[in-house]
Structures are given as structure tokens and as C-alpha cells.
Amino acid sequence: KFVEAQGARVIDINMGCPAKRVTAAGGNGACGSALMKEPDLALRLIEAVAGAVSVPVTLKTRLGWDDASLNAPQIAKMAEGAGVQMITIHGRTRCQFYKGAANWAAIRAVKEAVAVPVIANGDILDAASAQKALAQSGADGVMIGRGAQGMPWRLAQIGHALFGAPAPTVPQGAELGALVCDHYERILGFYGSALGLRVARKHLGWYLDAAGLTARRDPILTATEPQAVMRLVREAFAEHVGVAA
């Protein structure tokens, strides 16, 4: 209710996170993909959320906790009955974390179990992998996570290639540096300087890696003054003549 009151237009329940600090019991109990081990508890949580708000509620899960408990179709069916309006499936189990390859074909069982839109997730890096994920899963769309790190235009590129959406302008050189600095300033504005400096580091690292500027990481990620960070960012990207497409 609080989140809805703040202006959220969709509330997504994340039952896909595999991180140990999220899935390990403690405090208020295990969360993330650990909830796939407790379908009845998961259902009560989903029902409570869906019943508390008027905005759409969506759900993200993995295929299951491990290969012996691939219960995503059953949980998806329960969630649909509780009012969930879209379901995203990462094509791995929790115990896989991010190892191996996402099993997009296994998502098809979820698609066949429910009538609401199903979205395929995992290892989708470009238009070719997005097309393959759609074909193997039968899903209605794709969700891109790590594939967009440092390349936020990647989503628009895939939308253009697959669905004819407008093609994005991919920034390069100084223009890309200006985009990174703008993102950095917005992070600081949202979180405040102290926390923002730490939160921003992973994003800066992703931008540098994607642009092939890994050698410039250390001075940028260890600088503690925002103006110094942005000066170093502008200098790094000014030298850059191309960007990963």
C-alpha cells in the first residue's frame, strides 16, 4: 500500500533472487527464490499483496529451487489464481545461480500452465538470443537483466530488431561520457553523496567494461569526490571512439 501510494504503477514480487543473504533463513525468514520451496507461504504473500493494491501485481521466479523441484508451472498457476497479471521466469534453478546456460525451453511449461503473459529471462544479450528465447519458450516477451549492464540502449535495440520499435541512438565518445556523468549525478541525487558514491561504482564499472575501458576502472572507482569521478569519466570516454553494439 505504501509503495502504491508513492506512485508505483506496477508491483513485482521477486521470487527469483538466488543470493545467499536473501535466501538464507534469518530475521524475517528466507526470501527470493527460497519461497519456491514453500509454495503455500508464497501464495499467502502473493494474495496479500494482490489484495492490498489496485495496481497490477506481477511475479518473477526461477524454474525451481533445484533440478528435483521444478515447480515454476505450479507456482505460476497459483499466482494467476491469486490475481498476478504477468509472470517472468528466469531459465535456471536457484541452485544454478548464474552458472551454465539458461534453459529457455523449460519456460514453455509455465507458458502452457497459465493464460497471463509469460516473460522469458536469463542469458538474453542481443536480438539473436532474444529471438531464440522466444522461440524455445513460447513466451510473450523477454526480460533483459545483466545483458543491459553498461549498455542501457540494448533494450531498445532488441525492441527495434524484433518488434519494429524505434531504433535508439547509441552514444559514443564524449556523448557517452556525458550520459554516464548524467546517470552518476542522478544516482547521487537520489541516494545522497555518501551512499550514492558506493551505489554508483557498479554502474560505472559496467559502463567502462562495456566500452572496453577496463584499464580506467581503478582511478574512477576509487575516487571519493564526485567532481573528480566525473572528470575522470569524461577523460576516459573522450578517448573512446566506439561502443559495443
Please report the closest heavy-atom contact between [X] and [Y], naming both atoms and the distance.
X	Y	answer
Glu4	Ser54	OE2-OG, 2.6 Å
Ala76	Val110	CB-CG1, 3.7 Å
Pro219	Leu232	O-CD1, 3.5 Å
Leu221	Gly205	CD2-N, 4.0 Å
Val22	Gly32	CG1-N, 3.6 Å
Arg146	Asp123	NH2-OD1, 3.5 Å

Under 3.5 Å: donor-acceptor pair, side chain of [X], backbone of [Y]:
X	Y	value
Trp153	Ala148	no
Gln149	His203	no
Ser33	Cys17	yes
Arg92	Gly100	yes
Asn121	Ile89	no
Gln85	Val116	no
Asp66	Arg94	no
Glu112	Ala109	no
Arg154	Leu125	yes
Arg108	Ala135	yes

Kindly check if the number of other-residue, nucleotide or ligand heavy atoms within 6.0 Å of [atom1] ([X]) is above 12?
X	atom1	result
Glu225	CD	no
Phe97	CZ	yes
Arg234	CZ	yes

With the 4.5 Å side-chain cut-off for hydrophobic clustering, are [X] and [Y] part of the same group?
X	Y	result
Leu45	Val57	yes
Val3	Ile13	yes
Leu59	Val55	yes
Ile158	Leu134	yes
Leu179	Val229	yes

State, with a plain yes or no, whether a side-chain heavy atom of [X] is found less than 4.5 Å away from one of [Y].
X	Y	value
Leu70	Thr93	yes
Pro39	Gln74	no
His90	Leu63	no
His183	Tyr207	yes
Ile124	Trp104	yes
Leu213	Phe237	yes
Met151	Gln157	no

From the options Asn14, Asp12, Thr88, select the one residue that forms a side-chain hydrogen bond (donor to acceptor under 3.5 Å, both in side chains) with Thr58.
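That would be Asp12; it is the only one of Asn14, Asp12, Thr88 passing the side-chain hydrogen bond (donor to acceptor under 3.5 Å, both in side chains) with Thr58.
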Mind checking the [atom1]-[atom2] spacing from [X] to [Y]? Nearest 0.5 Å is all I need.
X	Y	atom1	atom2	result
Gln131	Leu162	CD	CG	4.5 Å
Ser137	Ile119	OG	CD1	9.0 Å
Ser69	Met36	OG	CE	7.5 Å
Asp40	Leu35	CG	CG	12.0 Å
Arg201	Tyr184	CZ	OH	8.0 Å
Ile107	Ile87	CD1	CD1	12.0 Å

The test is side chain to side chain contact (heavy atoms under 4.5 Å, CB included); show your working for Val53 and Ile11 and say whether it passes.
CA-CA 9 Å; Val53 298; Ile11 294 176; 3.8 Å; yes
Checking Asp182 against Arg186 for the salt bridge (charged side-chain N to carboxylate O under 4.0 Å, His left out) test, could you report, in this order, the C-alpha distance in whole Å, the side-chain angles of both residues, the deciding distance, and whether it holds?
CA-CA 6 Å; Asp182 180 64; Arg186 289 170 184 264; 2.9 Å; yes
Do the numbers put Arg62 on top of the ring of Tyr98, so that NZ or CZ is under 6.0 Å from the six-membered ring centre and no more than 45° off the axis?
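Yes, a cation-pi geometry.
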Could you give me the CA-CA distance, side-chain angles and deciding distance for Lys77 and Glu80, then say whether salt bridge (charged side-chain N to carboxylate O under 4.0 Å, His left out) is met?
CA-CA 5 Å; Lys77 189 68 177 175; Glu80 180 183 42; 3.7 Å; yes
Could you give me the CA-CA distance, side-chain angles and deciding distance for Thr214 and Arg217, then say whether side chain to side chain contact (heavy atoms under 4.5 Å, CB included) is met?
CA-CA 5 Å; Thr214 304; Arg217 284 175 59 98; 3.6 Å; yes
Pair Gln136, Asn103 - check side chain to side chain contact (heavy atoms under 4.5 Å, CB included), show working.
CA-CA 9 Å; Gln136 292 185 9; Asn103 184 353; 5.7 Å; no
